[in-house]
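Notes follow once the structure below has been shown.
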Amino acid sequence: MVKCARCPRPAVIKIRYSKMHLCDHHFSEYLVERVKRTMERYDMVGRGDEILIAASGGKDSASLVHMLADLSHEMEYSVIGLHIDLGIGDYSERCSAKAVKLFEEVNIPYIVLDLRRILGHGIPELSRKIRRKACSLCGIVKRYLMNLTANACRASKIATGHTMEDLAQYIIKAFLLQDQEQLSRLKPVTKGRNGLIGRIKPLCEITERETFTYAYVNHLPFTYEECPMFRERTLDAEIRSFIKRMQYERPSIVISLIRRQSEVLADRSAKNLIKCAYCGMPSSTSPCAFCKILIKLGREPEDVINRVYEIAEQMSR
Ligand code: AMP
Ligand code: FES
Ligand code: ZN
Ligand code: ZN
């Protein structure tokens, strides 16, 4: 049995960068401290911030909710949970049940948006109706609804559970494809402006192995399932496996990619935004990507906006 470096209890994980073995208790303490340091390093939160935490029902965002709720008193911010029920059959039901159980357990106010109530359809029907791949549609809808909900509940930041692997994968892919617009957005923090709420990724220096261990040893409600609509492209799979290999062979290189990228892009903001003529939100196109979907569905942005505001108002604080 390998012992914890800080107490006589059995170790549950070996931390690759420091080669340190830790037990469940000391690993949790260590990871929360690292997330706190990440938030400080990138100046993610300030006193009085109200953070909307987007939780999917998976391990990464479950750990995020638990850690941010834990740090909220010490760092003097408040939190609200958000889960979007994507209407992908039983899979979404199980994700929603886990997310709600988690919000209840950590005892934070929360909002659940059901896509079928907001747009009349879940992701599979939307994908068929609009003739667009489920994952890209889902990304547009989630991003828009997160921002709308943050406005509706007057949150000052949106936190997502993107991990080190997620961010590194997007950075490498955008670099290979020379997608400068995308590259400029791939930072641990993006500033808010004119109705676009700023986003933070407090787990950007934490690995999936660590979020899984944290969620597991703290008995957090989360699902192990992958989205049934997800089809990984070959390029994404190759980049992902390259990152995994790097994390194993040279643990510090992936973190330094994320840090360097964030410095290089520190003052290069995304291209100028215009106002969407339909919903009034800042966007690089008008209509914005979300309103293009609404137009195809024959729906008015006001209906969606009013519905989300109504749901946000009903939230118990
Ligand atoms: P993904 O886009 O699935 O890689 O998820 C990235 C992050 O987006 C997660 O860590 C969550 O913070 C957030 N997210 C994904 N799906 C949902 C959902 N259904 N409801 C709320 N937040 C979500
Ligand atoms: Fe969006 Fe699977 S989570 S399509
Ligand atoms: Zn210990
Ligand atoms: Zn719009």
Side-chain angles (χ1 to χ4, degrees), residues 51-68 79-89 91-100 102-103 110-115 118 122-127 132-150 157-167 169-170 195-196 199-204 206 208 211 215 222-223 225-232 236 240 273-295 299-305:
I51 307 176
L52 185 73
I53 316 175
S56 63
K59 63 183 188 329
D60 304 332
S61 44
S63 298
L64 177 73
V65 169
H66 195 259
M67 291 195 258
L68 289 199
V79 292
I80 303 169
L82 166 68
H83 173 74
I84 304 168
D85 180 337
L86 298 164
I88 309 176
Y91 164 75
S92 288
E93 276 174 30
R94 288 190 288 272
C95 289
S96 303
K98 297 287 185 189
V100 167
L102 175 72
F103 294 147
Y110 64 89
I111 295 169
V112 176
L113 299 181
D114 183 340
L115 217 54
I118 309 276
I123 291 292
E125 298 86 41
L126 278 179
S127 169
R132 195 169 172 160
K133 284 206 180 101
C135 285
S136 75
L137 189 68
C138 177
I140 295 169
V141 169
K142 281 193 293 204
R143 259 195 310 279
Y144 191 91
L145 291 180
M146 280 179 202
N147 193 63
L148 184 56
T149 311
K157 307 265 164 68
I158 298 170
T160 55
H162 291 97
T163 59
M164 190 197 297
E165 289 93 337
D166 292 330
L167 208 52
Q169 177 179 350
Y170 302 152
L196 267 193
R199 287 173 182 250
I200 58 173
K201 301 180 180 72
L203 306 183
C204 64
I206 304 293
E208 285 180 1
T211 59
F222 70 95
T223 170
E225 287 175 76
E226 272 247 10
C227 171
M229 314 292 293
F230 179 65
R231 302 275 174 275
E232 193 168 44
D236 293 320
R240 200 90 178 167
L273 296 176
I274 53 170
K275 211 172 178 182
C276 167
Y278 287 76
C279 69
M281 280 291 167
S283 167
S284 50
T285 60
S286 178
C288 69
F290 184 76
C291 285
K292 283 183 191 155
I293 298 171
L294 293 187
I295 292 164
R299 312 269 316 223
E300 296 295 328
E302 290 78 41
D303 292 347
V304 173
I305 294 171

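Hydrogens, waters and symmetry mates are skipped; everything else that's a heavy atom, side chains included, is used. Atoms within a ligand are numbered from 1 in the order they appear, just like the ligands themselves.
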State, with a plain yes or no, whether a side-chain heavy atom of I80 is found less than 4.5 Å away from one of L52.
yes

Given C138, S92, P228, C135, which one has a non-hydrogen atom that is nearest to atom 1 (Fe) of ligand 2?
C138

Please tell me if the side chains of M146 and T160 come closer than 4.5 Å, counting only heavy atoms from C-beta onward.
yes

Which protein N or O atoms sit under 3.5 Å from any N or O of ligand 1? Give each pair with its distance.
{"residue": "ligand 1", "atom": "10 (O)", "partner": "G161", "partner atom": "N", "Å": "3.0"}
{"residue": "ligand 1", "atom": "12 (O)", "partner": "A54", "partner atom": "O", "Å": "2.6"}
{"residue": "ligand 1", "atom": "12 (O)", "partner": "G161", "partner atom": "N", "Å": "2.9"}
{"residue": "ligand 1", "atom": "16 (N)", "partner": "K142", "partner atom": "NZ", "Å": "3.4"}
{"residue": "ligand 1", "atom": "19 (N)", "partner": "I84", "partner atom": "O", "Å": "2.9"}
{"residue": "ligand 1", "atom": "20 (N)", "partner": "A55", "partner atom": "O", "Å": "3.4"}
{"residue": "ligand 1", "atom": "20 (N)", "partner": "I84", "partner atom": "N", "Å": "2.9"}

Considering only heavy atoms from C-beta outward, does the side chain of Y110 approach that of V100 to under 4.5 Å?
yes

Considering all heavy atoms of both residues, which atom of S61 and which atom of S56 are nearest to each other, and what is their separation?
OG-N, 3.0 Å

Does the side chain of T285 reach to within under 4.5 Å of the side chain of K292, using non-hydrogen atoms?
yes

Below 4.0 angstrom, N of the basic side chain to O of the carboxylate: do E225 and K98 qualify?
no

Is any side-chain heavy atom of I295 less than 4.5 Å from a side-chain heavy atom of Y278?
yes

With L203 as reference, evaluate E165, M164, H162, M67 under the side chain to side chain contact (heavy atoms under 4.5 Å, CB included) test and give the passing residue.
M67

Is there side-chain contact between C276 and F290, with heavy atoms separated by less than 4.5 Å?
no

Under 2.8 Å from the Zn ion (ligand 4), how many protein N/O/S atoms can be counted?
4

Is atom 2 (Fe) of ligand 2 less than 2.8 Å from at least one N/O/S atom of C227?
yes

So do L148 and V304 actually touch side chain to side chain, heavy atoms under 4.5 Å?
yes

